[in-house]
Engineer: 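Take a look at the following structure, please.
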Amino acid sequence: MDMRKLVGRNFARLRQAKDLTQEQVAERSGLSQQYLSGLERGRRNPTIITLYELARALDVSHVALVLPPDEK
């Protein structure tokens, strides 16, 4: 699986499980809602710093954003 799509799917799943909107995560992370939208669609290639900021905003481990579906 493409890593960008994997991160996007994991991010969307975790965000929705926490009942957060993209706008709320944007406020918490300092990233734009447009960036988060592109990330969820697998069109962004996040840096390790971005993964760290997203994980903090979602209150999860950064590893949760990169784990394949069968390892959750």
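Since the model is a prediction, treat every value here as computed from it, not as a measurement.
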Engineer: How close do P69 and L6 get, counting heavy atoms only, and between which atoms?
Structural biologist: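 Residues P69 and L6, closest heavy atoms: CD-CD1, 4.0 Å.
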
Engineer: Just by distance, do the side chain of S37 and the backbone of Q33 share a donor-acceptor pair under 3.5 Å?
Structural biologist: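 Looks like no, no N/O pair under 3.5 Å.
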
Engineer: Rounded at 0.5 Å granularity, tell me how far CZ in R13 sits from CD in Q16.
Structural biologist: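 Here the rounded value is 10.0 Å.
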
Engineer: If you round to the nearest 0.5 Å, how far is CG of L54 from CG of L39?
Structural biologist: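 With rounding to 0.5 Å, CG (L39) is 6.0 Å from CG (L54).
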
Engineer: Kindly give the heavy-atom pair with the smallest separation between D59 and K18, and that separation in Å.
Structural biologist: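 Smallest interatomic distance, heavy atoms only, reads O-NZ, 3.6 Å.
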
Engineer: State, yes or no, whether a side-chain contact exists between F11 and P46 at a heavy-atom distance under 4.5 Å.
Structural biologist: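 No, side chains not in contact.
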
Engineer: Provide the full list of side chain to side chain donor-acceptor pair (under 3.5 Å) pairs with a residue in residues 43-58, sequence neighbours left out, each pair given once.
Structural biologist: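 Side chain to side chain donor-acceptor pair (under 3.5 Å) check on residues 43-58 returns T47-T50.
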
Engineer: Tell me, which pairs form a salt bridge (charged side-chain N to carboxylate O under 4.0 Å, His left out) where one or both residues lie in residues 21-38, sequence neighbours left out?
Structural biologist: none

Engineer: If you measure only the distance, is there a donor-acceptor pair under 3.5 Å linking the side chains of Q34 and Q22?
Structural biologist: no

Engineer: Is there a donor-acceptor pair closer than 3.5 Å between any side-chain N or O of K5 and the backbone N or O of G42?
Structural biologist: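 Judged by distance alone, no pair lies under 3.5 Å.
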
Engineer: Give the minimum heavy-atom separation between N10 and A64, together with the two atoms involved.
Structural biologist: ND2-O, 3.5 Å

Engineer: Compare every heavy atom of L36 with every heavy atom of A26, then report the nearest pair and how far apart it is.
Structural biologist: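 Taking A26 first and L36 second, the nearest heavy atoms are N-CD1, 3.5 Å.
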
Engineer: Quick one: which of L51, L67, D2 gives a side-chain contact (heavy atoms from CB on, under 4.5 Å) with V7?
Structural biologist: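 When side-chain contact (heavy atoms from CB on, under 4.5 Å) is applied between V7 and each of L51, L67, D2, only L51 qualifies.
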
Engineer: Give, for atom CG of L58 and atom OG of S29, the distance between the pair rounded to the nearest 0.5 Å.
Structural biologist: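 Going from CG on L58 over to OG on S29, the span is 8.5 Å.
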
Engineer: Tell me every residue that passes side-chain hydrogen bond (donor to acceptor under 3.5 Å, both in side chains) with R9, counting only those two or more places apart in sequence or in another chain.
Structural biologist: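 side-chain hydrogen bond (donor to acceptor under 3.5 Å, both in side chains) list for R9, sorted by chain: empty.
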
